[in-house]
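One structure below.
Each chain gets a letter, A, B and so on, in the order its sequence line appears, and its residues count up from 1. Computed from a predicted structure; not experimentally measured.
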Amino acid sequence: MTDGRDGTPRTPDPETPLPRSFFDRPVLEVAPALLGRTLVRRTSRGPVTVRLTEVEAYAGERDPGSHAYRGRTRRNASMFGPGGHAYVYFIYGMWWNLNLVCGPEGSAAGVLLRGGEILTGHEQARERRPAARTDAELAKGPARLATSLDVDKALDGTDVCSADPAAPLAVHAGRPADPASVTTGPRTGVGGDGAAHPWRFWIAGDRTVSPYRAHQPRRRKRRLDAATPDA
DNA sequence: AAACCGATCATCT
DNA sequence: GATGATCGGTTTA
């Protein structure tokens with residue numbers, strides 16, 4: 001159905017892994033093109049697949065919203081590697097988030113996977129996410145998606161373009177979202193200069209898209225000097 | 001060595 | 001909509 005310009009095969013089998021060339025493009029092209037694709041996670045208990053419905057683009061070292069903003073560290077090293085690999089990080093002391101690295105090696109761009117619809121492996125996903133009241137909540141939010149798919153630090157740096165049928169993580173062609181259904185807006189929870197760009201992409205009306213939350217300008221924690229009473 | 005902070009979620013009101 | 005939970009990475013002293 002696609003014309004091939006975006007790196008997908010001309011006659012895509014939904015279960016064909018996306019080629020690395022798909023990811024070796026500007027992240028702002030890759031992010032919306034990921035909507036409707038399927039991410040396959042293979043565990044010892046079998047596959048869990050999710051249809052991606054919400055993503056965010058992070059543009060590299062010049063993007064103040066990106067973990068790459070302050071340069072390469074051990075934590076974000078996989079973002080600086082070649083496209084088509086996972087970048088997994090730990091957040092808020094409790095959760096894992098999954099990104100797909102994009103662009104040429106060194107550009108440190110990536111796409112945060114923020115929401116999706118679980119297509120197969122509901123039983124596994126539900127066991128990991130007992131708080132989910134409906135199937136739509138299984139992967140509605142980046143940490144929920146990672147939890148449903150059993151993604152943690154062990155998958156940081158994983159190649160997601162592998163054709164190995166046993167690969168732990170792979171992105172398949174799926175059924176790309178109709179561009180007319182793709183909506184954009186500012187990134188969730190990103191403040192400062194990083195908030196200006198509409199680099200969040202989602203499928204309009206899909207129930208597995210997480211609610212938008214604006215950045216909270218965290219009030220600095222009160223010091224113990226008590227020199228300044230409240231206004 | 002210690003403080004600060006966060007690409008969040010669940011559970012309240 | 002507000003808040004607590006919880007901890008690694010980074011910055012600052």
Got a list of protein N/O to nucleotides 9-13 of chain B N/O distances below 3.5 Å?
unit_1, atom_1, unit_2, atom_2, d
dC9(B), OP1, P142(A), N, 3.2
dC9(B), OP1, A143(A), N, 3.2
dC9(B), OP1, R144(A), N, 3.4
dA10(B), OP1, R129(A), NH2, 2.1
dA10(B), OP2, R129(A), NH2, 3.3
dA10(B), OP2, R144(A), NE, 2.8
dA10(B), OP2, R144(A), NH2, 2.5

Starting from C1' on dG6(B), measure out to NE2 on H215(A) and report it in whole angstrom.
9 Å
Can you name the residues that form a side chain to side chain donor-acceptor pair (under 3.5 Å) with T147(A), not counting sequence neighbours?
none
Starting at CH2 of W96(A) and ending at P of dC7(C), how long is that distance when rounded to a whole Å?
12 Å
Expected output: side-chain R207(A) to main-chain E117(A) donor-acceptor under 3.5 Å:
no
Side chain to side chain donor-acceptor pair (under 3.5 Å) with S148(A): which residues, sequence neighbours excluded?
none
Counting only heavy atoms and a strict 4.0 angstrom limit, can you tell me which residues of residues 62-85 of chain A come near DNA chain C?
R70(A), T73(A), R75(A)
Within the side chain of D206(A), is there an N or O that forms a donor-acceptor pair under 3.5 Å with the backbone of T208(A)?
yes
In whole angstrom, give the distance that lies between atom CG of L100(A) and atom P of dA7(B).
18 Å
side-chain contact (heavy atoms from CB on, under 4.5 Å) partners of R74(A), counting only residues at least two apart:
none
N97(A) atom CG is separated from dC7(C) atom P, nearest whole Å, by 17 Å
Those residues at least two apart in sequence (or on a different chain) that pass side-chain contact (heavy atoms from CB on, under 4.5 Å) with P130(A) are none
What stems involve DNA chain B, if each pair must be Watson-Crick or G-U and both of its distances must be under 3.5 Å, with 3 or more such pairs in a row?
B:1-6 with C:7-12, B:8-12 with C:1-5
For E127(A), side chain to side chain donor-acceptor pair (under 3.5 Å) partners two or more places apart
R45(A)
Run the salt bridge (Lys or Arg N to Asp or Glu O under 4.0 Å) test against D159(A) and tell me which residues pass, sequence neighbours left out.
R20(A)
Between Y92(A) (OH) and dT3(C) (P), how many Å, whole number?
16 Å
Separation of dA5(C) atom P from F90(A) atom CZ, nearest Å, is 16 Å
All side-chain contact (heavy atoms from CB on, under 4.5 Å) counterparts of Y69(A), not counting sequence neighbours
P64(A)
Qualifying residues under side chain to side chain donor-acceptor pair (under 3.5 Å), relative to T120(A), sequence neighbours excluded
T49(A)
Hydrophobic cluster (4.5 angstrom, side-chain heavy atoms) - remaining members for V209(A)
W202(A)
